[in-house]
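Let me begin by presenting the structure, written as structure tokens, before commenting on it.
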Number of protein chains: 2
Amino acid sequence: MQDGTFLSPAYLDVTTLDGAPGATGRRGDVFARNCPTRQLLDRVGDKWSILLLGMLGEGEMRFSALKRRVDGISQKMLAQTLRTLERDGLITRHVEPTVPVSVTYAITPLGRELLGALQWLIDWAETRMGAVAQAQVAYDLRMAD
Amino acid sequence: MQDGTFLSPAYLDVTTLDGAPGATGRRGDVFARNCPTRQLLDRVGDKWSILLLGMLGEGEMRFSALKRRVDGISQKMLAQTLRTLERDGLITRHVEPTVPVSVTYAITPLGRELLGALQWLIDWAETRMGAVAQAQVAYDLRMAD
DNA sequence: CAGCATCCATGACGATACTG
DNA sequence: CAGTATCGTCATGGATGCTG
């Protein structure tokens, strides 16, 4: 990161999937518009995705169970987020044709990989959110003069 | 993560900063409402924060330089995001009293730590976004019947 | 049970204009 | 140069009601 790896033109390949090397000349554009950070954030940047992925990391679970445990989520956002996660290949959806129907969600290996990468962020939050909160207090005091 | 570490009651301490242990009994509530994931996402979940932190990870930079290099950002969002990052202790702001004034931003050790944790996510995106894109295509085909 | 469709409020964001 | 202030737009997401 410090050497700017995530600014590199290689990201274009990830984004376009055709990897046109001729278009990788202008570094600034690559940074701003085609960085996979954008796509990544679409997935992990909303408040429910990580929560649901974390829940399913504990084991497969049904719609109603997820709704109960991830308290505060609306069924709209639950259904919507689950669909996105499924489409991204991060979780699977299994329909048991009972009456009434029963649907079970489970994390995929790809999803578990993401969860693993996320762990570093979680660890940082665990250990450093206190420092962030302190910085905020200090900042607010400095500005309150 | 797989064992549910980021669901643990310990997160309450991070959130409330008073660490009332008596309130940590109900696991479900802890998961949903006080998980630092929420606070964390406020910081890294928007599209400009990571980009700016990454830019400043390369070296200190002035307002106008950031605006030029992070192409597509409005001066409103640039100023706003920089202020948030500064308040969180992730970057510093140095004002040189020239005419006209010159302001330089730099990453802090705390910010660099976050950038390091972010690197795992970036790496995942680099290597696996292709798999995600493939999963999307497969999903869309499945649903298009 | 597991959703989808609809309506609606909030607020995020960009564009523009102005200032020390 | 480095912002602040204001406005309009648009997307996000919650609440509600309906269905196989």
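Everything numeric in this text was worked out from a predicted model, so none of it was measured. Labels below follow one simple rule: chain letters A, B, ... track the order of the sequence lines, proteins then strands, and each chain is numbered from 1.
- If you take CZ of A:R93 and C1' of C:dA2, they are 8 Å apart, rounded to a whole angstrom.
- Dashed line: the shortest gap from a side-chain N or O of A:Y105 to OP1 or OP2 of C:dC1 is not under 4.0 Å.
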Give me, pair by pair, the N or O atoms of the protein and of nucleotides 6-11 of chain D that are less than 3.5 Å apart, along with how far apart they are.
none

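- A donor-acceptor contact shorter than 3.5 Å links the side chain of B:T108 to the backbone of B:L90.
- Using a 4.5 Å heavy-atom cutoff, the side chains of B:T92 and B:E86 are not in contact.
- The local environment of CD in B:Q136 is crowded, with over 12 non-hydrogen atoms from other residues, nucleotides or ligands closer than 6.0 Å.
- Applying the 4.0 Å criterion to OP1 and OP2 of D:dT4, one finds that B:R83 has a side-chain N or O inside that range.
- What separates CG of B:L66 from C1' of D:dC1 is a distance of 13 Å, to the nearest Å.
- Salt-bridge annotation for A:R62 and A:E96: absent, with no side-chain N of the basic residue lying under 4.0 Å from a carboxylate O of the acidic one.
- No single ILVMFWY cluster, assembled from side-chain heavy atoms under 4.5 Å apart, contains both B:V137 and A:I91.
- Minimum atom distance to the side chain of B:R62 is reached by D:dA2, of the listed D:dA2, D:dT16, D:dG3.
- Position along DNA chain D of the nearest nucleotide to B:T104 versus A:S74 favours B:T104 as the more 5'-ward residue.
- Atom CG in B:L52 sits roughly 15 Å away from atom C1' in D:dA2 (whole-Å rounding).
- Each of B:A65 and A:Q75 was matched to the nucleotide of DNA chain D holding its nearest heavy atom; the match closer to the 5' end belongs to B:A65.
- Residue B:V103 has its side chain nearest to D:dA2 when only D:dC1, C:dC4, D:dA2 are considered.
- Put simply, the side chain of A:M55 reaches to within 4.5 Å of the side chain of A:E58, judged on heavy atoms.
- B:D46 places its CG atom 10 Å from the P atom of C:dA12, with the value rounded to the nearest Å.
- Residue B:S64 places its side chain closer to D:dA2 than to any other of D:dG3, D:dG14, D:dA2.
- Looking at the side chain of B:P100, the nearest of the listed nucleotides D:dG17, D:dC1, D:dG14 is D:dC1.
- In this structure, A:K67 atom NZ and C:dG3 atom P are separated by 13 Å, rounded to whole Å.
- Regarding B:Q80, its CD atom lies at a distance of 13 Å from the P atom of D:dG3, rounded to whole Å.
- Taking the six-membered ring where tryptophan is involved, the planes of A:F63 and A:Y105 are tilted, since the angle between them lies from 30° to 60°.
- Atom CD1 in B:I73 sits roughly 13 Å away from atom C1' in C:dA12 (whole-Å rounding).
- The listed nucleotides are D:dG14, C:dC4, C:dA2; the one nearest the side chain of A:V101 is C:dA2.
- Between the side chains of A:Q119 and A:D123, a donor-acceptor pair is found at a separation under 3.5 Å.
- Checking C:dG14, C:dA2, D:dG3 against every side-chain atom of B:M77, the shortest atom distance belongs to C:dG14.
- Rounding to whole angstrom units, CD1 of residue B:I91 and P of D:dA2 are separated by 13 Å.
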